[in-house]
Number of protein chains: 2
Amino acid sequence: MRIGDLSHRTGVSPRMLRYYEEQGLITARRLDNGFREYDDYLVDRVHKIRGLLDAGIPTRIIGNILPCLHQAEIVVEDADPQLRAMLVEQRDKMTERIAVLEQNRDALIRYIDAMDRAAPESNRSSGETTAVA
Amino acid sequence: MRIGDLSHRTGVSPRMLRYYEEQGLITARRLDNGFREYDDYLVDRVHKIRGLLDAGIPTRIIGNILPCLHQAEIVVEDADPQLRAMLVEQRDKMTERIAVLEQNRDALIRYIDAMDRAAPESNRSSGETTAVA
DNA sequence: TCGAACCTTCACACCCATGTCAAGGTCAAG
DNA sequence: CTTGACCTTGACATGGGTGTGAAGGTTCGA
């Protein structure tokens, strides 16, 4: 698949796909004409990158943890303590971010509920659920 | 409390406190000499701002949702549907971010576990727990 | 053969969160 | 009165993620 295809399949601009490559997050083979050729698994990978980026993780960190994210048990023979420390740090930062987000989301939920209770009948702008999911 | 105090109590630089004020996230009274004077409740507020910023929420959004975050039931008489839509959107984005972070953190946890199983005895760099907290 | 649609690299430009520095005012302690 | 620690505003700088445009190559269908 070429860069336009990957872009369409992921909703990420070609500009950004080249940037992620430059940052070492994805790699592409090259066709004879110089065009980038991407493997299918990169669609998922790019989605994962987007999610992490949106969650405030910078590309440098993403690059570090990405190899460890797909499945464990694979190539865990090195046991580099540096790497382990970094992973533990990122794990804890994520846990912290999760706590903050949950707390604030719950406050939002309560506020929205209060609005709805204060003004029944109105609001409810089409196909949207107030459920917590 | 003046800016240096607030800075010490929150770990946020004076520069950033002024910036948050400029962005409408906090406000300060002024003393006769022009110095900013902060109320105690701002310590918590600044911590909250930091948490949201670290979680990838931009100041503009923070400014919008912050008034709704402290307690519901207060001044919910307006029932502006614009506001409600924005809150719902942010609630959903947070839920999404939480899901992404949990998923990736869990992958990290599995990977770390796998490392530890592959290389017992070593690692374990002092006072750190592998528990999920 | 031509044009459209794609690709390449490179560069400039933007926003945002942040640091840092300069030039100056306030105030309390020595 | 001076010094040092604090405050003010304003400006310039930087890094990260992103958009956009120029100048040019490839490919394919009319």
Side-chain angles (χ1 to χ4, degrees), chain A residues 1-39 42-43 45-66 90 93 96-97 100-101 104, chain B residues 1-39 42-43 45-66 90 93 96-97 100-101 104:
Chain A
M1 145 181 47
R2 292 186 309 182
I3 201 168
D5 300 349
L6 184 56
S7 175
H8 289 137
R9 288 214 220 167
T10 58
V12 174
S13 69
R15 170 71 175 85
M16 282 300 100
L17 294 174
R18 297 193 190 99
Y19 176 69
Y20 299 158
E21 180 178 341
E22 187 187 316
Q23 302 300 307
L25 305 185
I26 55 178
T27 42
R29 274 169 293 112
R30 291 302 182 122
L31 300 175
D32 290 356
N33 54 17
F35 290 12
R36 287 172 178 81
E37 175 72 8
Y38 296 99
D39 291 330
L42 287 172
V43 174
R45 188 160 173 130
V46 169
H47 279 135
K48 184 158 297 202
I49 292 169
R50 281 302 332 157
L52 291 167
L53 236 21
D54 287 343
I57 319 274
T59 51
R60 204 191 116 261
I61 304 294
I62 297 177
N64 287 335
I65 68 180
L66 213 44
Q90 292 308 317
K93 277 195 184 151
E96 176 62 24
R97 276 172 164 76
V100 167
L101 285 172
N104 286 286
Chain B
M1 152 182 40
R2 293 186 307 182
I3 201 168
D5 301 349
L6 184 56
S7 175
H8 290 137
R9 289 214 219 165
T10 57
V12 174
S13 69
R15 171 70 174 86
M16 282 301 99
L17 294 174
R18 298 195 191 99
Y19 177 68
Y20 299 159
E21 180 178 343
E22 188 187 316
Q23 301 301 306
L25 305 185
I26 56 179
T27 42
R29 272 170 294 114
R30 292 302 182 122
L31 301 175
D32 289 355
N33 56 15
F35 290 13
R36 288 172 178 81
E37 176 72 8
Y38 296 99
D39 291 329
L42 288 172
V43 174
R45 187 160 173 130
V46 169
H47 279 133
K48 185 160 298 200
I49 292 169
R50 280 305 330 159
L52 291 168
L53 236 21
D54 287 343
I57 318 273
T59 50
R60 202 191 120 263
I61 303 295
I62 297 177
N64 287 335
I65 68 180
L66 213 42
Q90 292 308 316
K93 277 194 185 153
E96 176 61 26
R97 276 173 164 77
V100 167
L101 285 172
N104 285 287

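The structure displayed is predicted, hence computed values, not measured ones.
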Notebook entry, point to check: How does each nucleotide of nucleotides 3-8 of chain D score, in 5' to 3' order, for protein heavy atoms under 4.0 Å: base (B), sugar-phosphate only (S), or none (-)?
Noted result: ----SB
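Side-chain contact between A:Val46 and A:Met16 is absent, with no heavy atoms from C-beta onward closer than 4.5 Å. Taking 4.5 Å as the limit, some side-chain heavy atom of A:Leu53 sits within range of a side-chain heavy atom of A:Tyr20. Contact of the B:Arg2 side chain with the B:Glu37 side chain is registered, since non-hydrogen atoms from C-beta on lie closer than 4.5 Å.
Within the 4.0 Å cut-off from OP1 or OP2 of C:dT18, at least one side-chain nitrogen or oxygen of B:Tyr20 is found. Checking the phosphate oxygens (OP1, OP2) of C:dT18, a side-chain nitrogen or oxygen of B:Arg50 falls inside 4.0 Å. Within the 4.0 Å cut-off from OP1 or OP2 of D:dG19, at least one side-chain nitrogen or oxygen of A:Ser13 is found.
When all heavy atoms are compared, the tightest approach of A:His47 to A:Thr10 is NE2-CA, 3.7 Å.
The stretch residues 52-60 of chain B touches DNA chain C through B:Leu53, B:Pro58, B:Thr59, each having a heavy atom under 4.0 angstrom from the strand.
Between the CD atom of B:Glu21 and the C1' atom of C:dA17 there is a distance of 17 Å, given to the nearest Å. Rounded to an integer number of Å, the gap from CD1 of A:Ile49 to C1' of D:dT18 is 15 Å. A:Gln23 places its CD atom 8 Å from the P atom of D:dG16, with the value rounded to the nearest Å. Whole-Å rounding puts the B:Arg15 CZ to D:dT14 P distance at 15 Å.
Partners of A:Asp54 according to the salt bridge (Lys or Arg N to Asp or Glu O under 4.0 Å) rule, which considers only residues two or more places apart in sequence or in another chain, are A:Arg50.
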